[in-house]
Amino acid sequence: MLKKETLQAKIRQLCEEKNAIVLAHYYTTGDIQEVADFIGDSLALARKAAQTEAKIIVMAGVHFMAETCKLLSPEKLVLCPDPEAGCSLADSCKAEDLKAYKEEHPGYKVVSYVNTTAAVKALTDVVVTSGNAKQIVDTFPQDEKIIFGPDYNLGSYINAITGRNMLLWQGGCHVHERFSVESIVQLKQEHPQALVLAHPECKGPVLRIADVVGSTAVLLKYVVEHPTEEFIVATEAGILHEMSRQCPDTQLYPVPPEVSEGTVGCHCNECQYMKMNTLEKIYNCLKNEAPSVEVDPEIARDAVKPIERMLELS
């Protein structure tokens with residue numbers, strides 16, 4: 001296997017030769033974030049995919065993110081380093097199930113988290129991210145009937161801070177679901193001055209004891225603006241790379257997952273799907289221009305509309 005530095009150099013060379021861009025989510029490994037043209041959360045990556053003039057987009061993240069890139073840039077070649085890099089949250093909401101649920105609740109608007117398949121987005125009125133969900137929900141009349149999915153925890157949080165009563169899909173992120181109040185309390189006892197940062201995909205009890213609740217971009221921004229503080233971080237551990245890069249002297253304490261049967265020895269504050277991306281896979285997909293992501297044209301026609309609506313509103 002080639003050394004990290006060699007692979008990174010070869011990736012950058014291929015990007016230059018092929019007019020390609022590497023987009024990476026904050027939850028990918030540090031060596032990938034170092035070689036990427038742009039790193040960000042779901043909203044920032046969607047914006048970059050819509051704006052880039054590159055001919056090839058490599059989406060180092062999970063499959064729904066690559067689909068979103070293709071929906072926003074259908075004329076470009078979108079590459080996914082590992083097509084098996086899925087998402088437990090996206091898997092929790094199948095298009096056929098959402099279609100049936102909509103039929104059971106006529107007159108409801110559908111607000112879908114970006115962590116969904118293109119087929120689910122095609123059944124959606126507007127897409128949201130954790131960073132803009134409140135802003136976009138606030139554009140609806142207060143008495144609007146809304147189905148929010150698939151993340152139950154994010155939906156509960158938005159209901160709580162907006163006073164709404166949206167119907168919530170029973171989905172969740174397998175990483176954020178495992179963070180517990182007990183783990184945070186233990187860290188607070190060890191580091192009493194540390195502030196608690198939590199992603200809104202965490203369970204309600206965790207969010208209620210957090211000092212700051214927000215998307216990965218919001219949490220990162222808060223750390224950068226308060227570099228002398230200490231932080232207990234309740235989100236996927238990949239964000240610590242960028243936090244540490246921008247604030248090398250800041251003390252960061254990742255929240256360990258709640259240990260349950262079958263998770264002993266498992267770094268479950270990491271998303272195994274995000275970690276399926278590797279430098280070698282990025283190099284190979286650029287070299288071979290495969291595997292590429294395609295979306296059925298009929299689905300794409302409807303799926304792109306709620307994404308464009310989100311970008312207009314946020």
Side-chain angles (χ1 to χ4, degrees), residues 23 25 41-43 45-47 49-50 57-130 132-133 136-137 140 145-155 166-174 201 271 273-274 276-277 290-314:
L23 306 181
H25 194 275
D41 62 0
S42 295
L43 177 58
L45 294 172
R47 288 192 181 282
I57 300 173
V58 178
M59 182 63 249
V62 292
H63 192 266
F64 79 79
M65 295 178 179
E67 273 192 337
T68 301
C69 289
K70 187 64 177 179
L71 291 170
L72 291 169
S73 298
E75 76 287 357
K76 300 184 188 302
L77 176 63
V78 176
L79 303 175
C80 185
D82 192 328
E84 297 302 312
C87 172
S88 59
L89 189 48
D91 289 345
S92 72
C93 184
K94 305 297 185 185
E96 57 269 27
D97 295 332
L98 178 58
K99 183 175 183 294
Y101 195 67
K102 284 181 65 175
E103 290 171 353
E104 293 170 6
H105 297 87
Y108 277 73
K109 299 290 186 182
V110 176
V111 177
S112 288
Y113 200 20
V114 70
N115 300 43
T116 45
T117 64
V120 166
K121 290 180 174 72
L123 297 168
T124 296
D125 292 285
V126 64
V127 166
V128 299
T129 69
S130 56
N132 64 20
I136 289 178
V137 168
F140 289 93
K145 296 178 179 179
I146 298 174
I147 295 169
F148 186 98
D151 192 274
Y152 178 85
N153 292 329
L154 175 61
M166 299 184 294
L167 294 182
L168 305 180
W169 194 266
Q170 300 292 312
C173 167
H174 72 292
E201 288 179 22
C271 174
Y273 300 114
M274 287 285 188
M276 290 172 72
N277 292 275
S292 62
V293 172
E294 300 295 336
V295 181
D296 181 275
E298 289 189 13
I299 291 176
R301 182 190 64 232
D302 293 328
V304 73
K305 294 175 184 177
I307 303 173
E308 291 175 339
R309 182 65 176 153
M310 172 188 73
L311 295 176
E312 291 171 4
L313 293 172
S314 60

N/O donor-acceptor pair under 3.5 Å between Lys102 side chain and Tyr108 backbone: no

Closest approach of Ala66 to Val78 (non-hydrogen atoms, all atoms of both residues): O-CG1, 3.6 Å

N/O donor-acceptor pair under 3.5 Å between Lys70 side chain and Lys76 backbone: yes

Enclosure of Glu96 CD (heavy-atom neighbours >12, cutoff 6.0 Å): yes

Polar side-chain atom of Glu67 near backbone of Ala118 as donor-acceptor pair, under 3.5 Å: yes

Heavy-atom closest contact (Asp296 atom, Glu298 atom, distance): OD1-N, 2.9 Å

Side chain to side chain, Tyr101 and Leu167, heavy atoms closer than 4.5 Å: yes

Check: Trp169 side chain, Gly155 main-chain N or O, donor-acceptor pair, under 3.5 Å: no

For the student: nearest non-hydrogen atoms of Met59 and His25, plus distance: CE-N, 4.3 Å

Validation row: Leu71, Val295 side chains within 4.5 angstrom (heavy atoms): yes

Smallest separation among heavy atoms of Ala290 and Leu79, with atom names: N-CD2, 3.6 Å

Any donor-acceptor pair under 3.5 Å from Lys109 side chain to Asp125 backbone: no

side-chain contact (heavy atoms from CB on, under 4.5 Å) assessment of His105 paired with Lys145: CA-CA 9 Å; His105 297 87; Lys145 296 178 179 179; over 6 Å; no

Nearest-0.5 Å distance that lies between atom CE in Met310 and atom OG1 in Thr68: 7.5 Å

Any donor-acceptor pair under 3.5 Å from Asn115 side chain to Ala90 backbone: no

Spacing of Met65 atom CE and Met274 atom CE [to the nearest 0.5 Å]: 3.5 Å

Distance in Å, Cys173 SG paired with Leu154 CG, rounded so as to fall on 0.5 Å steps: 11.5 Å

Minimal non-hydrogen separation, Phe140 against Val111, with atom names: CE1-CG2, 3.9 Å

Donor-acceptor contact present, side-chain Ser73 to main-chain Ala49, <3.5 Å: yes

Nearest heavy atoms of Gly172 and Asp151, plus distance in Å: CA-OD2, 3.9 Å

Spacing of Asp302 atom CG and Lys121 atom NZ [to the nearest 0.5 Å]: 13.5 Å

Atom pair CG/CZ of Leu168 and Phe148 - distance to nearest 0.5 Å: 8.0 Å

Nearest-0.5 Å distance that lies between atom OG in Ser92 and atom OH in Tyr113: 11.5 Å

With Leu311, the side chain to side chain contact (heavy atoms under 4.5 Å, CB included) member among Val127, Leu72, Asn132: Leu72

Check against side-chain contact (heavy atoms from CB on, under 4.5 Å), Val293 and Cys69: CA-CA 9 Å; Val293 172; Cys69 289; over 6 Å; no

Short side-chain to backbone donor-acceptor contact, Ser88 and His174, under 3.5 Å: yes

More than 12 heavy atoms from other groups under 6.0 Å of CZ on Arg47: yes

Intermediate values then yes/no, side-chain contact (heavy atoms from CB on, under 4.5 Å), Glu201 and Leu89: CA-CA 10 Å; Glu201 288 179 22; Leu89 189 48; 4.2 Å; yes

